[in-house]
S.K.: 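To start, I am sharing the structure in question, which I have written as structure tokens.
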Amino acid sequence: MHDIHKMPGHLARRLHQISVAIFAEHMRRAGFDLTPVQFAALSAAAATPGVDQAQLARQIAYDPVTMSGVIDRLCKKGLISRNISPTDRRARVIALTEAGHNLLAQAGPQVAALQADILAPLSQDEQAHLLRLLEKITGADPSA
């Protein structure tokens with residue numbers, strides 16, 4: 001028999017569940033209707049003006065089909081616009097609306113603060129070590 005509580009895949013899934021639950025609770029308390037993926041998409045779009053939908057999906061490591069649904073929901077909320085690219089008619093360029101910029105400015109500090117809750121069971125050294133390891137595993141570590 002296998003002890004799933006010692007398997008990295010199971011533990012990564014549990015950490016994701018915990019992270020999403022903490023994010024949802026903080027956003028609910030702050031009065032924001034925002035998911036972690038929507039926040040990531042807004043952040044990436046703000047950081048990369050003129051990004052197309054496919055590039056945005058790659059930037060936040062999301063599959064393009066699911067990303068399309070995320071973009072649809074953000075459009076309906078009035079947080080982004082999606083227009084045909086002037087250089088490639090097949091591509092859709094994503095841009096934050098004024099409401100999107102405002103929401104990102106308001107929610108950003110909340111999202112930054114909730115990270116501490118995700119890592120709360122760990123000491124400062126353990127938190128730094130875990131983040132380095134997660135960056136390495138996910139390929140987000142620029143020094144790897």
Side-chain angles (χ1 to χ4, degrees), residues 4-124 126-144:
I4 63 170
H5 302 290
K6 302 282 186 209
M7 295 181 173
H10 174 75
L11 294 172
R13 183 186 61 79
R14 282 292 299 132
L15 177 57
H16 179 259
Q17 287 175 321
I18 291 165
S19 172
V20 169
I22 290 170
F23 187 99
E25 178 58 22
H26 276 261
M27 292 299 101
R28 185 193 61 74
R29 280 196 317 245
F32 299 120
D33 177 21
L34 196 61
T35 69
V37 174
Q38 290 171 348
F39 179 80
L42 289 172
S43 296
T48 318
V51 69
D52 70 45
Q53 191 169 314
Q55 291 170 325
L56 186 67
R58 282 190 298 278
Q59 284 180 359
I60 67 169
Y62 229 65
D63 69 277
V65 173
T66 306
M67 189 78 233
S68 182
V70 171
I71 298 300
D72 287 345
R73 287 184 286 286
L74 291 171
C75 284
K76 286 177 186 167
K77 291 179 180 185
L79 300 174
I80 62 164
S81 64
R82 175 174 43 194
N83 298 301
I84 295 172
S85 168
T87 58
D88 180 354
R89 299 208 41 84
R90 297 167 296 165
R92 300 294 179 261
V93 175
I94 306 302
L96 263 62
T97 62
E98 184 177 342
H101 282 288
N102 291 339
L103 177 66
L104 195 56
Q106 293 171 1
Q110 297 284 332
V111 173
L114 70 84
Q115 303 308 304
D117 288 352
I118 294 168
L119 300 175
L122 304 176
S123 71
Q124 292 293 97
E126 289 171 330
Q127 290 179 20
H129 187 68
L130 176 62
L131 288 173
R132 282 191 303 275
L133 293 174
L134 290 170
E135 288 171 348
K136 189 173 185 177
I137 289 169
T138 62
D141 180 5
S143 67

S.K.: Return the CD to CG distance between Gln38 and Leu74, rounded to the nearest 0.5 Å.
M.R.: 5.0 Å
S.K.: Locate the shortest heavy-atom distance separating Leu114 from Ile22; write the atom from each residue and the value.
M.R.: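 The answer is O-CG2, 4.1 Å.
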S.K.: Less than 4.0 Å between a side-chain N and a carboxylate O, is that true for Asp33 and Lys77?
M.R.: yes
S.K.: How long is the span from the CZ atom in Phe39 to the CE atom in Met27, to the nearest 0.5 Å?
M.R.: 7.5 Å
S.K.: Do the non-hydrogen side-chain atoms of Arg82 and Val93 ever get within less than 4.5 Å of each other?
M.R.: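 No - every pair of side-chain heavy atoms lies 4.5 Å or more apart.
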S.K.: Would you name the heavy atoms of Phe23 and Leu34 that are closest together and state the gap between them?
M.R.: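 So the two residues come closest at CE2-O, 3.3 Å.
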S.K.: Tell me whether the count of non-hydrogen atoms from other residues, nucleotides or ligands lying under 6.0 Å of OH in Tyr62 goes above 12.
M.R.: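 No.
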S.K.: Is the shortest heavy-atom distance from the side chain of Gln127 to the side chain of Leu130 under 4.5 Å?
M.R.: no
S.K.: Hey, could you give me the OG/CD distance between Ser81 and Glu98, rounded to the nearest 0.5 Å?
M.R.: 12.5 Å
S.K.: Taking the side chain as everything from C-beta on, heavy atoms only, tell me whether Pro36 gets closer than 4.5 Å to Val20.
M.R.: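 In contact.
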S.K.: Go through the side-chain N and O atoms of Asp88 and Ser85 and say whether any donor and acceptor fall under 3.5 Å apart.
M.R.: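 Distance-only check fails for Asp88 and Ser85.
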S.K.: Indicate the atoms forming the closest heavy-atom contact of Pro109 with Gln106, along with that distance.
M.R.: CD-O, 3.5 Å
S.K.: State plainly whether the residues Glu25 and Arg28 are in salt-bridge range, i.e. N to O under 4.0 Å.
M.R.: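 Salt bridge between Glu25 and Arg28, a charged N being under 4.0 Å from a carboxylate O: yes.
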S.K.: If you look at every heavy atom in Ala41 and Met67, which pair is closest and at what distance?
M.R.: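 Scanning both residues, the minimum pair turns out to be CB-CE, 3.6 Å.
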S.K.: Of all heavy-atom pairs between Ile118 and Ser19, which one has the smallest distance, and what is that distance?
M.R.: CD1-OG, 3.5 Å
S.K.: Measuring from Leu96:CG to Leu103:CG, what's the distance to the nearest 0.5 Å?
M.R.: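 Here the interatomic distance stands at 9.0 Å.
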S.K.: Using a 6.0 Å cut-off, check whether atom CZ of Arg29 has over 12 heavy atoms from anything other than its own residue.
M.R.: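 Yes, enclosed.
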S.K.: I'd like to know if the side chain of Gln59 reaches the main chain of Leu56, judged simply by a donor and an acceptor atom lying under 3.5 Å from each other, with no hydrogens or angles considered.
M.R.: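 No, because the side chain of Gln59 does not come within donor-acceptor range (under 3.5 Å) of the backbone of Leu56.
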S.K.: For the residue pair Ile94 and Asp52, establish whether any side-chain heavy-atom pair is separated by less than 4.5 Å.
M.R.: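 SC-SC contact between Ile94 and Asp52 ruled out.
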S.K.: Do you know which two heavy atoms are closest between Gly78 and Ala99, and how far apart they sit?
M.R.: O-CB, 3.6 Å
S.K.: From the options Arg92, Gln53, Arg73, select the one residue that forms a side chain to side chain contact (heavy atoms under 4.5 Å, CB included) with Ser68.
M.R.: Gln53
S.K.: Decide whether Gln17 and Arg14 meet the rule of one side-chain donor and one side-chain acceptor closer than 3.5 Å.
M.R.: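 Side chains of Gln17 and Arg14: pair found under 3.5 Å.
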S.K.: Between His16 and Arg13, does any side-chain donor sit less than 3.5 Å from a side-chain acceptor?
M.R.: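 Their side chains do not contain a donor-acceptor pair, so the 3.5 Å distance test is not met.
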S.K.: Quick one: does Thr97's side chain have a donor or acceptor within less than 3.5 Å of a partner on Gly100's backbone?
M.R.: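 Yes, because the side chain of Thr97 sits within donor-acceptor range (under 3.5 Å) of the backbone of Gly100.
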S.K.: Can you tell if the side chain of Leu131 reaches within under 4.5 Å of the side chain of Leu119, non-hydrogen atoms only?
M.R.: yes
